[in-house]
Amino acid sequence: MIELTKKSATSPANIAFIKYWGKKNSKLNIPYNNSISMNLDSCLTTTTVHFMDNLKEDEVVIDCKKVEGEARNRVVRILDIVRTWAKIKTKAKVSSINNFPSDAGVASSASAFSALALAASSSAGLKLSKKKLSILARLGSGSASRSVISGFSEWKKGSTTNDSYAVQIEKPSYWDLRDIVTIVSSEKKEKSSTEGHGAALTSPYFKERQKELISRTNNLKKAFLRKDIDTFGKLLEEETLDLHLIAMTSKPPIFYLNSTTFAVMQVLRELRVKGIKGYYTMDAGPNVHIICRQKDVDIINKTIKRVPGVKSTIINKARVGTRFSNNHLF
Ligand code: PMV
């Protein structure tokens, strides 16, 4: 007899150094390429799940509001997989909060689905390995597969649902990299990343990107392992420009960046001339993730906050991935 208990989990968002953009299988979120990321210790989601006999249907609450429609369906899909794996039919109550403003434009699907994967599977009595947890999180949102892992991770693309999951490249303390998340817009983006993934294949440059990625991924990983900030930063920027080139040449085109994004990129280039090394990377939105070493955080943060259009910054380091929490939300 499986014991159904209330469980909570906390999980970080992550920033991709090498991006996942384009799905080989859009139902199973299987990507075209491996991706590499660092998790973000200041951008966390906490989720509580309880499978309860008295519920007639699944109840999903996000940031204290009951949700319906597509947002609820995505959560129910994960609950359904957990029910199949645990061989139960019981409905669940789910509640989730982010410690960063959900309108900050920082992707919360990675932290949300990885926290959900751990809370839901353990509430259903399952004890999943890291690999299985990463697979379950991936089925909710591809990038969530990487949040499960502590520190720096690589999502191996695989070719089936059972071999597409993330593994650790290095633990959090390996390199003192920081991500200064620079909020330049808190508006909901025009096109979701799901739409962007779908459109990516219509870009005439998508195939070229895939060819290029083989050496870029290898070289970025090598530069990371030898803590070579110059080479690492150059490849990081090359990669994000490539993603946005694909987005802008998709049919119809998608523009995620705004004028403040470009202003921040310019200031980073100016700081580098003075030997202060911060490098930009942007996901499917205009906010800039500035990757730098601990010693340069304060000066970069101070300078960036003065750029007109910058609303706020959140400083992150790499830390532990998805873990249990005692902070039950109900
Ligand atoms: O996990 P999704 O479907 O939200 O896609 C994330 C896509 C990017 O954030 C742009 C890149 C990445 O690898 O995180």
Side-chain angles (χ1 to χ4, degrees), residues 11 13-39 70-71 73-85 107-118 120-121 126 128-149 152-169 191-218 220-221 239-240 242-243 246-247 250 254 283-284 321-322:
S11 192
N14 67 74
I15 179 64
F17 299 152
I18 296 287
K19 316 276 186 192
Y20 149 55
W21 201 238
K23 304 184 189 195
K24 211 164 206 168
N25 182 323
S26 55
K27 274 213 179 82
L28 298 173
N29 293 338
I30 295 179
Y32 276 89
N33 56 273
N34 290 7
S35 52
I36 294 179
S37 69
M38 139 181 175
N39 66 33
E70 185 47 26
N73 293 346
R74 285 182 73 179
V75 172
V76 171
R77 190 166 165 242
I78 296 302
L79 297 174
D80 283 340
I81 296 168
V82 167
R83 278 188 279 260
T84 309
W85 289 0
S108 55
S109 67
S111 51
F113 281 101
S114 45
L116 176 66
L118 180 59
S121 58
L126 298 171
L128 300 185
S129 62
K130 275 252 146 56
K131 170 179 165 182
K132 268 269 177 179
L133 202 59
S134 175
I135 289 171
L136 181 59
R138 188 205 79 225
L139 290 165
S141 170
S143 54
S145 63
R146 299 185 307 243
S147 281
V148 166
I149 307 300
F152 303 90
S153 73
E154 178 165 14
W155 173 11
K156 306 275 186 191
K157 62 180 172 159
S159 55
T160 67
T161 193
N162 291 327
D163 64 1
S164 184
Y165 59 94
V167 295
Q168 187 179 61
I169 300 180
K191 295 268 179 216
S192 66
S193 55
T194 307
E195 288 171 285
H197 284 294
L201 278 89
T202 65
S203 164
Y205 306 107
F206 185 77
K207 278 207 184 102
E208 292 305 313
R209 165 171 168 72
Q210 290 304 313
K211 280 190 224 151
E212 195 67 27
L213 268 176
I214 298 168
S215 58
R216 186 183 297 146
T217 304
N218 271 331
L220 181 133
K221 212 153 90 180
E239 167 61 359
T240 195
D242 207 22
L243 181 148
I246 299 292
S250 292
I254 305 177
D283 278 344
T322 311

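Only this structure's heavy atoms are used, side chains among them; waters, hydrogens and symmetry mates stay out.
Expressed to the nearest 0.5 Å, how far OG of S11 lies from CG of L118 amounts to 8.0 Å. Atom CH2 of W155 sits about 8.5 Å away from atom CD1 of I30, to the nearest 0.5 Å. In this structure, OH in Y20 is found 14.0 Å from NZ in K157, a value given to the nearest 0.5 Å. Taken to the nearest 0.5 Å, the OG atom of S145 stands 13.0 Å off from the CZ atom of F113. Residue L220 holds its CG atom at 4.5 Å from CD1 of I18, rounded to the nearest 0.5 Å. Between atom CG of residue L128 and atom OG of residue S134 there is a gap of 11.0 Å, rounded to the nearest 0.5 Å.
The backbone N or O of F17 lies less than 3.5 Å from no partner atom in the side chain of S37, so there is not a single donor-acceptor pair. Counting only distance, with no hydrogens or angles, the side chain of Q210 and the backbone of K207 share no donor-acceptor pair below 3.5 Å. Side-chain atoms of S193 never come within 3.5 Å of backbone atoms of G196 as a donor-acceptor pair (strictly under, hydrogens ignored). Judged purely by atom type and a 3.5 angstrom limit, S111 uses its side chain to pair as donor or acceptor with the backbone of S108. The backbone N or O of E154 sits nowhere less than 3.5 Å from a side-chain atom of N34 that would complete a donor-acceptor pair.
Taking all atoms of both residues into account, the shortest heavy-atom contact from L139 to I78 is C-CD1, 3.8 Å. Between L201 and H197 the shortest heavy-atom distance is CD1-O, 4.0 Å. Scanning all heavy atoms of the two residues, the minimum distance from W85 to L126 falls at CB-CD1, 3.8 Å. Heavy-atom minimum distance, A137 versus A117: N-CB, 3.9 Å. Nearest heavy-atom pair, S121 versus L133, reported as atom, atom and distance to 0.1 Å: OG-CD1, 4.0 Å. For the residue pair I81 and L136, the shortest heavy atom distance occurs at CG2-CD1, 3.8 Å.
In terms of the salt bridge (Lys or Arg N to Asp or Glu O under 4.0 Å) criterion, R74 has no residue partners (sequence neighbours excluded). In this structure, the side chain to side chain contact (heavy atoms under 4.5 Å, CB included) partners of T160, at least two apart in sequence or on a different chain, are N162, D163.
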Practice item. Evaluate the criterion side chain to side chain contact (heavy atoms under 4.5 Å, CB included) for residue pair T217 and N33; output intermediate values, then yes/no. Key: CA-CA 9 Å; T217 304; N33 56 273; 5.9 Å; no
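The salt bridge (Lys or Arg N to Asp or Glu O under 4.0 Å) analysis of residues 16-29, with sequence neighbours excluded, yields the pairs K19-D283.
Relative orientation of the F206 and Y32 rings is perpendicular, given thresholds of 30° and 60° on the angle between their planes.
Between R209 and E212 there is no salt bridge, since none of the side-chain N atoms of the basic residue sits less than 4.0 Å from a carboxylate O of the acidic one. Using a 4.0 Å cut-off between charged nitrogen and carboxylate oxygen, R77 and D80 do not count as a salt-bridge pair.
R146 and S114 share no side-chain donor-acceptor pair at under 3.5 Å. Between N39 and S147, the side chains place no donor N or O within less than 3.5 Å of an acceptor N or O (distance only, hydrogens not considered).
Looking at T322 and K130, their side chains never come closer than 4.5 Å, going by heavy atoms from C-beta outward.
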